[in-house]
Amino acid sequence: MTIGVAILGSTGSIGHSTLDVVARHPDRFHVVALTARRNVEMIFDQCVRFLPETVAMLDETSAEILSGRLRKAGLETEVKAGEGGILDIASGPAETVVNGIVGAAGLMPVISAVEAGKRQLIANKEPLVMLGTYIVDLAREHGALLLPLDSEHNAIFQCLPVAETLEKEGSPRIRGEMGVRKIILTGSGGPLRAFPLDKMHTVDPEQAVAHPNWEMGKKISVDSATMMNKGLELIEVCCLFGVGHDLVEIVVHPQSIIHSMVEYLDGSVIAQLGMPDMRIPIANALGWPERIESGLEGPTFSEIGALEFEPPDPVRFPALRLAREAARRGGTAPSVLNAANEVAVNAFLDGKLRFDRLVPMVESALEQVSIEDAVDLQRSLDADRRARACCREMLADGSLRGRAD
């Protein structure tokens, strides 16, 4: 009997990679459901190939168009529309839910799947940034499992003896008896690691999304260029593994071969290595506790040569300081950080904000939006809304010289 898989955000890079791995194991998995925002052409092709029972489109017009095309093709796939349709799929019949929805939009689907007791593979870091402790507690309460798909968090997962805590607590929690001294979170430094600092104001979206190693969506590519992605990942590590931010070190590793490391009390360091391709962590999480074929070979070390490491430049990457401060402060601070960053990145991609104003806008939002010490779903959503409104006001009135030249 095969395992039913629902893929939220199937037309994005995570969705593509997940479907590639699933297709390699027809004896293990079958696609139950898919969701997308509005890419009718791509999800139609996926329906023809994988024959899901249900599809949901966030955009209602796209859902109508897709429904007509599926009927004309003789396919019986049910089409749902809007956020409600996506939540139905997240909590529906699939045993495993892969969440590849970008940004805070993935929060409610994560909660819906957790409340339904699903085995959930999370590539979307923002829900855990916004409400990580709440989600982990919810997973424990409902018997759900949270498995990390982010390459760094999946690497940490592979380096830790956390199977027992995952089964008992719903997420891979680190306990004192494991002897962990620190977690070393690696990042490539993105496409602008050596870009002249005095020219940062000239960076355009094409330059910012041109990652040297990974093929990713635009939003996460820009986050890589500012290293905000690493800051968000730091917060995610704290929530998912149950550690303080002071136990997490961030190191720049330009080759993206070592995806993260764990240092133990005896001085041993265990690292997870692999090519920069999301099919590796996806195969690990889909198959866990077994190892399954991902479609990739391991690194050829004689060709790679040296593996380099360096500390992140705090002047070049101020986002790391903001994220660590948000992790230390806790409460609704991570929600404000995440929401402000999403607005700033979208404004940059739309040509409304200079690249060098991205992080200052986030910092300004953290200063202006009130932070609550306690956090729950409603407080997190309120903080998200207030941060977005604050950033939109900055864009409208030209604060921080917000508009691009």
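- No side-chain donor-acceptor contact under 3.5 Å links Asp45 to the backbone of Cys47.
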May I have the step-by-step check of side-chain hydrogen bond (donor to acceptor under 3.5 Å, both in side chains) for Ser224 and His211, ending in yes or no?
CA-CA 8 Å; Ser224 178; His211 199 284; 3.2 Å; yes
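- Listed for the Arg291 side chain is no donor-acceptor partner under 3.5 Å among the backbone atoms of Asn284.
- Ion pairing between a basic and an acidic side chain is recognised when a charged N comes within 4.0 Å of a carboxylate O; Glu64 and Arg69 show no such pairing.
- Applying the 6.0 Å contact sphere to CD of Glu83 captures no more than 12 heavy atoms from other residues, nucleotides or ligands.
- Judged by distance alone, with hydrogens and angles left aside, the side-chain atoms of Thr165 form a donor-acceptor pair with the main-chain N or O of Arg173 at under 3.5 Å.
- Salt-bridge annotation for Arg321 and Glu363: present, with a side-chain N of the basic residue lying under 4.0 Å from a carboxylate O of the acidic one.
- To the nearest 0.5 Å, atom OG of residue Ser256 and atom CD of residue Glu152 are 8.5 Å apart.
- Using a distance-only test at 3.5 Å, with no hydrogens or angles considered, no donor-acceptor pair links the side chain of Arg328 to the main chain of Ala323.
- Minimum interatomic distance between Leu138 and Val114 (heavy atoms only, all atoms of both residues): C-CG1, 3.6 Å.
- Looking at heavy atoms from C-beta onward, Ile282 lies out of side-chain contact with Val98 at the 4.5 angstrom threshold.
- Considering CD1 of Ile220 and CD of Glu126, their distance stands at 7.5 Å, rounded to 0.5 Å.
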Apply the test side-chain hydrogen bond (donor to acceptor under 3.5 Å, both in side chains) to residues Ser370 and Arg386: give CA-CA distance (whole Å), side-chain angles for both, the deciding distance (0.1 Å), then the verdict.
CA-CA 9 Å; Ser370 59; Arg386 287 184 282 113; 3.2 Å; yes
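- The heavy-atom pair separating Met275 from Gly298 by the smallest distance is CG-C, 4.4 Å.
- Under the 4.0 Å criterion applied to side-chain N and carboxylate O atoms, Arg24 and Glu293 are not assigned as salt-bridge partners.
- Evaluation of the side chain to side chain donor-acceptor pair (under 3.5 Å) test over residues 334-349, restricted to residues two or more places apart or in two chains, returns Asp223-Asn341, Ser335-Ser380, Asn338-Glu342, Glu342-Arg388.
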Evaluate Lys80 against Glu60 for salt bridge (Lys or Arg N to Asp or Glu O under 4.0 Å), listing each step before the verdict.
CA-CA 8 Å; Lys80 298 186 176 186; Glu60 296 190 6; over 6 Å; no
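- A salt bridge is absent between Arg379 and Asp382: the closest approach of a Lys/Arg side-chain nitrogen to an acidic carboxylate oxygen does not fall below 4.0 angstrom.
- In plain terms, the two heavy atoms of Leu234 and Leu185 that are nearest each other are N-CD2, 3.8 Å.
- By the 4.0 Å N-to-carboxylate-O rule, Lys168 lies close enough to Glu164 to be salt-bridged with it.
- Put simply, the side chain of Phe301 reaches to within 4.5 Å of the side chain of Leu273, judged on heavy atoms.
- Atoms OG and CG, on Ser112 and Asp88 in that order, are 7.5 Å from each other to the nearest 0.5 Å.
- Under 4.0 Å is where a charged nitrogen must lie from a carboxylate oxygen, and between Lys218 and Glu206 no such pair does.
- Under 3.5 Å, the side chains of Thr332 and Glu372 contain no donor-acceptor pair of N or O atoms.
- With sequence neighbours left out, the ring-ring contact (aromatic ring centres under 6.0 Å, His included) criterion links Phe355 to Phe348.
- Side-chain atoms of His153 do not come within 3.5 Å of backbone N or O of Phe157 as any donor-acceptor pair.
- No donor-acceptor pair under 3.5 Å is formed between the side chain of Asn99 and the backbone N or O of Leu8.
- A donor-acceptor contact shorter than 3.5 Å is absent between the side chain of Thr186 and the backbone of Val251.
- The pair Lys230-Glu233 meets the salt-bridge criterion, since a charged nitrogen lies less than 4.0 angstrom from a carboxylate oxygen.
- Once rounded to the nearest 0.5 Å, the distance linking CG of Leu381 with CG of Leu107 reads 6.0 Å.
- In this structure, the side chain of Arg316 engages the main chain of Leu192 through a donor-acceptor pair within 3.5 Å.
- For residues 244-269, the salt bridge (charged side-chain N to carboxylate O under 4.0 Å, His left out) pairs, not counting sequence neighbours, are Arg181-Glu263, Lys182-Glu249, Lys182-Glu263.
- For the pair Gln272 (side chain) and Gln158 (backbone), a donor-acceptor distance under 3.5 Å is absent.
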